[in-house]
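To start, the structure itself, in structure tokens.
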Amino acid sequence: MTDVDMKDASAAATAAGEKGEVAAVPKSIKVEDIVRNAELIVKGVQGDTARLTTRAISRNTPIRRRVQADVLCEALAKLLPDDCPDKAELTRLLAKLPSEAVAEPETPTTEAMEVDSEAAKKEAAAAATAEAVAAKKAEEALASVVAAKLPEVEVYLSTLVLTTLLRHKANARPRLLGLHRTCCLRHDEIGQATTLNLLLRNLLSQNLLDQAYKLASKTNFPESCSNNQFCRYLYYMGRIHALQLDYTDAYTKLMQSSRKVSQNTAMGFQRAAQKLVIIVQLLLGEVPERSVFNQKGFVVSLKPYLALTQAVRQGDLVEFNRIVGEHESTFRADKTYTLIQRLAHNVIKTGLRKINSSYSRVSLQDLCEKVKLETVQSAEFVCSKAIRDGVIDAVIDHKNGWIQSRDVVDVYATDEPQQAFHKRITFCLDVHNEAVRAMRYPPNAYKQELAKSRPGMEDEKTDEELAKEIEDEMNEEDGGL
Amino acid sequence: MSKLAEGEQLFASFRASAEKGDIQKAKSLLTQLKILMTTFDSLPPMGAEGPNAARERTLARDVMEVAVFLSAREGDSDAFQRHMAQLKPLCMDFVSQLPPSPNQSAVLGLNLLFLLVENRLAEFHSELELMGDAERASECVMFPVRLEQFLMVGSYDQVLAARDHVPHEYYKYFLESLLGTVRDGIAECSEAAYSELSIAEAQKMLRMDQRSELEAFVADKYPEWELTADKIIFKAPEACKKSAEIPSMRLIAECLSYATELERIV
């Protein structure tokens, strides 16, 4: 499994490099920033307000990109209690990193890994603090509430330990599974989403497709809690479906994923998703549009795929094999090689379709030579299979040894256009409904509007002020009595 | 005598009788071995480490490999699946500890072939993903992979021709059942592709020697085909898919759903 996250980080770094020196002197990250973020998480956890946690996560992005190892070390020392079991391990790992491990675009891979590991460490730092503080508070009074949220915190911790350090090791799985169970039991959605994705990635990185598929079919992914996690989940699911020959499902999932992903960042993820989309489309017998390959930031990485698409489109088996051989290492690195090997019979199908539309009657001998099949008998079988699969519409005349095309049916005489139309309308309506559902209504907006509509009321006074006034009045009355 | 030594002795006679083809004896020995192996703590699900762990696991793996071959030979697909499932954790999880098995690729290829015969293509590809380059390059694995490609493309004649040069003796037991799958494929395709076919040709395609065999096959699976003295007439498929009638119920349902949705928006 190509590590999407890692690519993500490397792409971000390269993008930063491409922008030149504009962001050359980024605001350096201070210990205070990390501490503040950690406090946010703690508050979010205690106050049961998911939004604070979300804010902390989004603030984490710049920290993740630019933080330096020594700063992290300091933050760790400050935030973690000494009896925290992971502290020693973390400090040891941090010490290993070169202190200037961050924005060096020349060595994208190693650098990406370091950025990634630092990122995770940061998260852990934040998480571990939250855990510690929350545990202390729990002792005091709010035991039930805070304790209920603890696994959420633990998830952040595991993001660290598990994503980076134990990424490819099977022994991370039991711990992740345990975490996932806890998250499910406590209805912690973001925790569920994160652990499930980590599990899927872990399984896919070891090509354990069967297990990944079973895991996914037996769990529910909370779709609404985090868009990024959902995109990742869709990507993993798309991959699983594609490898299991369920191309239609794979295509829907991957398209959804590449549409939902945030457009300006995560180029690495977008590229990985786009590559898979192209292959799946080809496997479905469709040809991806030319514009897909010309998008900014995609041209170079999609070049081998463009060549591949052209070979498939021409139905030229020799050319196809040449291109696959030429770019084999790229395809292997992208983990698309096995999928591409399955394309061979699509090439033959396209070749057949071309011949079928250009000739109304062609002898099997000629056809055999054109599509480069081994024997005439084999060509006959291939054609009959193509006819059954609906690739071509023709009749084989065995006695005379030729294949005769049937007349092209006018597609507008069928109900196909109507069905296509229906599909599009449903899609539009779904988009609209989802947009409505995604709108957030601030809790007091309704009252404010109400206040505005009443002429006598003072507009400036907010609800809080009003509440305060009422309270004051009450106090005065109490004092008076 | 320690349990391990006992097991190794049993295994030797088990393998000997399995190779000789003495299936009854092999099966009873296998049962004894399985009972004995339940006492080994190093095997899954216990997975405990001990001084004899590696030896015990090697023994268990060898036993299971021979068991897999045995059930392939018998054509007992249930037993084959069971033994495969028992063998997999031993092969996969302890791969670094155990000495490489000479039968590894044969077993993997056999499993692939089995999945192909059962037409479980999703699992076929999942298994294939799990293999490394070296394993994929071995002839035993290449063979089922090639077969799968032939089946996908539709070169059924090459599938049938492949029967003559199998890489491993146990493969031929499953290939026999593959013939049935291939025949069904050919029959379905011919139905779509031909309007009529001479009996002699059909027999050649389906690899049937007797006309009576063909007649039985048609009567069993495709009763709608018409058999005359010298040819088969297939039921002509519909000339074109022009919608004979308007699917009114569906159209009404769709229009109503548009109306409700629009109502909600406006």
Side-chain angles (χ1 to χ4, degrees), chain A residues 170 204 206-213 240-241 243-246 332 335 338-339 341-342 344-346 348-349 373-375 377-390 393-399 403 406-410 413-416 418 422 425-426 428-429 432-433 436, chain B residues 92-93 121-133 136 145 148-161 182 185-186 188-198 201-202 204-205 231 236-237 239-243 246-247 250-251 254-255 257-258 260-262 264-265:
Chain A
L204 283 178
Q206 293 168 60
N207 286 331
L208 291 167
L209 260 184
D210 231 12
Q211 285 86 333
Y213 178 71
I240 294 173
H241 283 310
L243 287 169
Q244 297 203 325
L245 300 131
D246 192 351
R332 272 186 198 280
K335 291 244 184 183
T338 42
L339 284 174
Q341 279 180 320
R342 292 186 208 165
H345 88 271
N346 285 59
I348 297 179
K349 272 190 194 169
L373 290 167
E374 279 166 36
T375 60
Q377 205 196 355
S378 165
E380 193 171 335
F381 278 124
V382 172
C383 285
S384 64
K385 179 133 198 297
I387 294 172
R388 196 203 58 169
D389 293 347
D393 196 12
V395 186
I396 301 174
D397 190 331
H398 185 82
K399 218 186 295 164
I403 169 168
R406 287 214 186 96
D407 295 333
V408 184
V409 185
D410 179 15
T414 67
D415 59 356
E416 219 160 287
Q418 197 261 332
H422 173 66
I425 294 181
T426 334
C428 291
L429 289 173
H432 177 266
N433 284 342
V436 171
Chain B
M92 302 283 178
D93 297 348
L121 290 179
E123 284 169 66
F124 177 89
H125 285 285
S126 309
E127 286 292 322
L128 201 57
E129 281 294 310
L130 275 173
M131 293 177 197
D133 285 341
R136 251 181 255 183
V145 171
E148 195 262 351
Q149 275 164 2
F150 289 149
L151 280 176
M152 282 301 267
V153 172
S155 325
Y156 293 118
D157 57 328
Q158 298 195 14
V159 179
L160 297 175
V182 170
I186 295 177
E188 268 179 48
C189 291
S190 340
E191 189 178 25
Y194 301 99
S195 51
E196 57 178 49
L197 196 63
S198 74
E201 279 302 327
K204 212 171 106 194
M205 270 187 195
K231 61 187 175 189
C240 64
K241 287 176 235 150
K242 253 183 211 168
S243 45
I246 297 167
R250 205 193 76 218
L251 278 179
E254 277 170 16
C255 286
S257 74
Y258 299 156
T260 35
E261 291 287 339
L262 278 176
R264 207 180 296 163
I265 294 170

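Naming convention: chains lettered A, B, ... in sequence-line order (proteins, then strands); numbering from 1 in each chain.
Contacts of B:Glu188 with chain A are made by both backbone and side-chain atoms, with heavy-atom separations under 4.5 Å. For chain A, the nearby parts of B:Leu130 are the backbone and the side chain; heavy atoms of each come within less than 4.5 Å. Within the 4.5 angstrom heavy-atom criterion, no atom of B:Glu127 approaches chain A. Proximity to chain A (any heavy atom under 4.5 Å) is shown, for B:Leu128, by neither the backbone nor the side chain. In this structure, the portions of A:His422 lying under 4.5 Å from any heavy atom of chain B include both its backbone and its side chain. Residue B:Leu160 does not touch chain A at all, counting heavy-atom pairs closer than 4.5 Å. At a 4.5 Å heavy-atom cutoff, the contact between A:Leu208 and chain B is made by backbone and side-chain atoms alike. Of the atoms belonging to A:Asn433, it is side-chain heavy atoms, and not backbone ones, that fall under 4.5 Å from chain B.
One distance of note links CD1 of A:Ile403 with OH of B:Tyr194; it measures 9.0 Å at 0.5 Å rounding. Atom NE2 in A:His345 sits 11.0 Å away from atom OG in B:Ser155 (nearest 0.5 Å). In this structure, SG on B:Cys189 lies 6.5 Å from NZ on A:Lys385, to the nearest 0.5 angstrom. Between atom CG of residue A:Leu429 and atom CZ of residue B:Arg264 there is a gap of 9.0 Å, rounded to the nearest 0.5 Å. Summarising the geometry, atom OG belonging to B:Ser195 is positioned 7.0 Å from atom CG belonging to A:Asp397; distances are rounded to the nearest 0.5 Å. Going from atom CD of B:Glu129 over to atom CG of A:Leu339 covers 7.0 Å, rounded to the nearest 0.5 Å.
Most heavy-atom pairs under 4.5 Å with chain B: of the set A:Leu209, A:Val382, A:Ile387, this distinction falls to A:Val382. The candidate with the highest count of non-hydrogen atom pairs below 4.5 Å against chain B, out of A:Ile425, A:Ile348, A:Val436, is A:Ile425. Ranking B:Met152, B:Glu254, B:Glu261, B:Arg136 against chain A, the residue ahead of the rest is B:Glu254, based on heavy-atom pairs under 4.5 Å. Among A:Gln341, A:Glu380, A:Lys349, the residue making the largest number of heavy-atom pairs under 4.5 Å with chain B is A:Glu380.
Nearest heavy atom pair, residue A:Asp415 against residue B:Arg250, reads OD2-NH1, 3.6 Å. Closest approach of B:His125 to A:Leu243, counting heavy atoms only: CB-O, 3.4 Å.
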> What do the steps show when you test B:Met205 against A:His398 for side-chain contact (heavy atoms from CB on, under 4.5 Å), and what is the final call?
Replying inline: CA-CA 12 Å; B:Met205 270 187 195; A:His398 185 82; 4.2 Å; yes
> Between B:Gln158 and A:Ser378, is a side-chain contact (heavy atoms from CB on, under 4.5 Å) present by the stated rule, with each step listed?
Replying inline: CA-CA 7 Å; B:Gln158 298 195 14; A:Ser378 165; 3.8 Å; yes
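Relative ring orientation between B:Tyr156 and A:Phe381 is described as perpendicular, the plane-to-plane angle rising above 60° on a 0-90° scale split at 30° and 60°.
Inspection of the A:Tyr213 and B:Glu123 side chains reveals no N or O donor paired with an N or O acceptor under 3.5 Å.
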